[in-house]
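The structure appears right after this line, and notes come after that.
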Amino acid sequence: MADAAAARCLTRRLFSPFSLRAASSSRQCSSTEAPQQDKTPKRSIFRPSVSSTHDWIGPPNQLSNLRPIVYHVAENESELEKRLRHLRQKTEDWNHEFWIEQNISFRKEKETYIHSQLKAKGLPLRDEQGEEMILFSEEMAVFYKSFLDTNRIRHANYNKEWYRRNFTITFLMARVALLNVWRNVTDKHKKKKSSSTPTA
């Protein structure tokens, strides 16, 4: 009777994946679990053509759930623009690596928690139809809170680094913008000066 009552407390409906959001980012934990042997980040092999004049944004990565970005290299790229591009690319890679590790850890711990709860109730991992037994949202809430509490410092450090990197990127973007304005002004001045110079 106890087993039957416990079984009724379970549902086969899929529970929506828990979201872990970065500050100023709407990127979520992946809803699909990565294969056990596939722990290395996989980047799309596709790249924009050499003649492309825009940044390239690829499809979401299966592990990090983030879209990879390949930044456009300007034809006459200055050292400051190059520095900005490299920092933006490194930040994208860093963010990608963080969410791969976080999502894999989340999925593994979630699976372990579900299995332990089912075992404690004396229930199988799958029902008669072969579908995975899923706990109620109230029971899963205990795991979600525990996961957040355990990773609170890691998330705080991530947020600090995220803000630091984005502040530096914004500062460099402002410098690049000012440099481009200065270039345009000096170029116009040179053209105006050369056109007003009398010819023999």
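- For the pair Ile169/Leu87, a side-chain contact is recorded, criterion being any heavy-atom separation below 4.5 Å from C-beta on.
- Counting only heavy atoms from C-beta outward, the side chains of Gln102 and His155 approach each other to under 4.5 Å.
- Residues passing the side chain to side chain contact (heavy atoms under 4.5 Å, CB included) test with Ile57 are Arg67, Ile69, sequence neighbours excluded.
- Remark: Leu178 engages no residue in a side chain to side chain contact (heavy atoms under 4.5 Å, CB included) (not counting sequence neighbours).
- Hydrophobic cluster of Val181: the remaining members, joined at side-chain heavy-atom separations below 4.5 Å, are Val185, listed by chain and number.
- In this structure, CD1 in Ile100 is found 11.0 Å from CD in Gln62, a value given to the nearest 0.5 Å.
- Not counting sequence neighbours, the partners of Glu81 by the side chain to side chain contact (heavy atoms under 4.5 Å, CB included) test are Glu77, Ser78, Val176, Asn180, Arg183.
- Side-chain contact between Tyr113 and Lys108: absent, with no pair of heavy atoms (C-beta onward) separated by less than 4.5 Å.
- Here Asn184 pairs with nothing under the side-chain hydrogen bond (donor to acceptor under 3.5 Å, both in side chains) rule; sequence neighbours left out.
- Ser105 and Glu109 share a donor-acceptor pair across their side chains, judged by distance under 3.5 Å alone.
- Residues forming a side chain to side chain contact (heavy atoms under 4.5 Å, CB included) with His115 (at least two apart in sequence, or on another chain): Glu111, Leu125.
- Checked against the 6.0 Å centroid threshold, Tyr158 and Trp94 count as a close aromatic pair.
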Margin query: What verdict does the side-chain contact (heavy atoms from CB on, under 4.5 Å) test give for Val70 and Asp55, after you've listed the backbone C-alpha separation in whole Å, the side-chain angles of each residue and the deciding distance to 0.1 Å?
Written below: CA-CA 6 Å; Val70 177; Asp55 297 338; over 6 Å; no
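- Side-chain contact between His86 and Thr91 is absent, with no heavy atoms from C-beta onward closer than 4.5 Å.
- The nearest pair of heavy atoms linking Pro59 to Pro68 is O-CD, 3.0 Å.
- The backbone N or O of Leu66 lies less than 3.5 Å from no partner atom in the side chain of Asn61, so there is not a single donor-acceptor pair.
- Both Met140 and Val142 are part of a single hydrophobic cluster, where members link through side-chain heavy atoms under 4.5 Å apart.
- With hydrophobic clusters built from ILVMFWY side chains whose heavy atoms lie under 4.5 angstrom apart, Leu84 does not share a cluster with Trp162.
- The closest side-chain heavy-atom distance from Phe147 to Lys110 is not below 4.5 Å.
- Checked for salt-bridge contact, Arg152 and Asp149 meet the test: a charged N lies under 4.0 Å from a carboxylate O.
- For the pair Leu63/His96, no side-chain contact is recorded, criterion being any heavy-atom separation below 4.5 Å from C-beta on.
- Phe106 has its ring centre less than 6.0 Å from the ring centre of Phe143.
- Applying the side-chain hydrogen bond (donor to acceptor under 3.5 Å, both in side chains) rule to Ser116 yields no partners; only residues at least two apart in sequence or on another chain are considered.
- Of all heavy-atom pairs spanning Asn103 and Ser64, the tightest one is ND2-O, 3.4 Å.
- Applying the salt bridge (charged side-chain N to carboxylate O under 4.0 Å, His left out) test to pairs two or more places apart or on separate chains, those with a residue in residues 165-181 are Glu161-Arg165.
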